[in-house]
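Some notes on the structure that comes next.
Values below: all heavy atoms of this structure, side chains included; hydrogens, waters and symmetry mates excluded. Residue numbers begin at 1 in each chain, while the letters A, B, ... track the order of the sequences.
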Amino acid sequence: MIWLDTLLQGLLLGGLYALFAAGLSLVFGIMRLVNLAHGDLIVLGAYVILGIGTAFGLNPFVAALIALPLMFLLGWVLQTVLLNRVLGDDILPPLLVTFGLSVVIQNALLEGFSADSRKLPVGPIEAESFSIGSVSIGVMPLVTFGSAILVILCLNWIFYRTALGRAFRATSDDAVTAQLMGIRPKRVFALATGIALVVATIAALYLGARANFDPSIGPARLLYAFEAVIIGGLGSLWGTLIGGLVIGVAQAFGAALNPEWQILAGHIAFVLILLVRPRGLFPRAYD
Amino acid sequence: MSALLEISELTAHYGDFQALFGVDLVLGQGQTLAIIGANGAGKTTLMRAITGIAQVTAGTVTLDGKRIDPLTAPDILRAGISMVPEGRKLFPSLSVEENLMIGAHARKGSGFWNLARVCELFPVLAERRHQPSTSLSGGQQQMVSIGRALMSNPSVLLCDELSLGLAPVIIREIYAAFPTIRESGTAIIVVEQDIGQALQVADTVHCMMEGRITLSGRPGDLSREAIHDAYFGITHS
């Protein structure tokens, strides 16, 4: 039964990783931009929620509702004034710019909030759990997992059922022809990054509620997110969810064997899947 | 006949390479104009310059009396010029219906063309509307590309090399849609290497050579020899 318990905890942890990865996957799918600052933007989101919660005495869940539109706006501005200028045929400039952005965010957070570990005080729900047979399930991990499914469902709905999603996919296919349809690619990209930061803020809420965070933990979150996106196949949102679950389960089993193997097991699973399926589990048909 | 689209002294470059040398053209309301010429004559560059995809370096383009050459491609589409690009350029990750719908992305209000009218024009598309656009034959893809361009209800429709890579019977089927498009009030510019087809549909024909218009006239007024010479750049001294 302990294996079942480990599997379940791994899946629930994978939900968090899928949330880390969903925004990254969205942005990559639409504009082929690998945002190296994605992990730091998640950490920034956690600090925004913490700041709003502390300033107004709000529960982090309520504070997150206020943080969502702010982070959307930040994403929109970031894309409009900075990232749109470096997007082009050459993939190196955006990589360098987002790497620089990562350094800037980390140092700004360090300056503003110090290197102390923080946590979002979500209240008694944090410790609540229930049992099914011999397996115990935490309420917060379950809510996290449910949110991940919901986020992927919403993103898929936007992507495949709305005019905006149609514009996303058309621009991703062929930005020049998209302009002949009256689509303004830079505006489409700005909306996409705004949405990606909304998802990053949801991830930030669960990151901060689950464990301690400090300004330096962004790059490690980026790595998990990146692995989840690659395992799932570039541009596939459901694939990203599966990728997150694979890493979560691998980490849980690694930790069950030896607590020191948790992180390593996730990376090994990533490498093994790439060996078998170099383009990930659900690659897009057109690239 | 009042001028709908007026192109004057249009010049375009690709980097240092000059592709258009002071092109003049006038398209009247509801008129169909054909541009013929060999590969590399500058026909596609002219289309790309009108739609804002290629950089205009001198000259003007006016639509309904308003200058559109300083506008970006998405704004030129909004002004009323729509293009069927060379090679069809459908969006592979969109279905047939989604490809048509994206043509109406910038449309405000209603107009003659909508999904139902396009499917009436090309009935085969109605049957295949939920299929991936990549699953269609070349001719059907060309129909989607034309339908997509019509969905914005343009006042001017530019068609770049419709017949390229298609069988003659399919080309005839596609050109059979032109009378309906004209009746909807849309003026048309067709760029063709297929001279016979161009002469059949056009009110006026212009022949291009090395980035310049070398011959213009009504199809009935131009002799086969004159067109042939202009097409191949033969000069008689």
Top of K89(B), M83(B), R107(B) for chain A proximity - count of heavy-atom pairs under 4.5 angstrom: K89(B)
F226(A) atom CZ: more than 12 heavy-atom contacts under 6.0 Å: no
Within 6.0 angstrom of R67(B) CZ, more than 12 heavy atoms from elsewhere: yes
Which atom of A167(A) lies closest to which atom of H105(B), heavy atoms considered: CB-CE1, 3.8 Å
Over 12 non-hydrogen atoms of neighbours within 6.0 angstrom of CD in Q55(B): no
Portion of M151(B) that has a non-hydrogen atom of chain A nearer than 4.5 angstrom: neither
Over 12 non-hydrogen atoms of neighbours within 6.0 angstrom of CD1 in I91(A): no
Other residues, nucleotides, ligands: >12 heavy atoms within 6.0 Å of F72(A) CZ: yes
Heavy-atom proximity to chain A below 4.5 Å, by part of I102(B): both
For chain B, which residues of residues 176-187 of chain A have heavy atoms nearer than 4.5 angstrom: V176(A), T177(A), A178(A), Q179(A), L180(A), M181(A), G182(A), I183(A), R184(A)
Separation between OG of S95(B) and OH of Y160(A), rounded to the nearest 0.5 Å: 12.0 Å
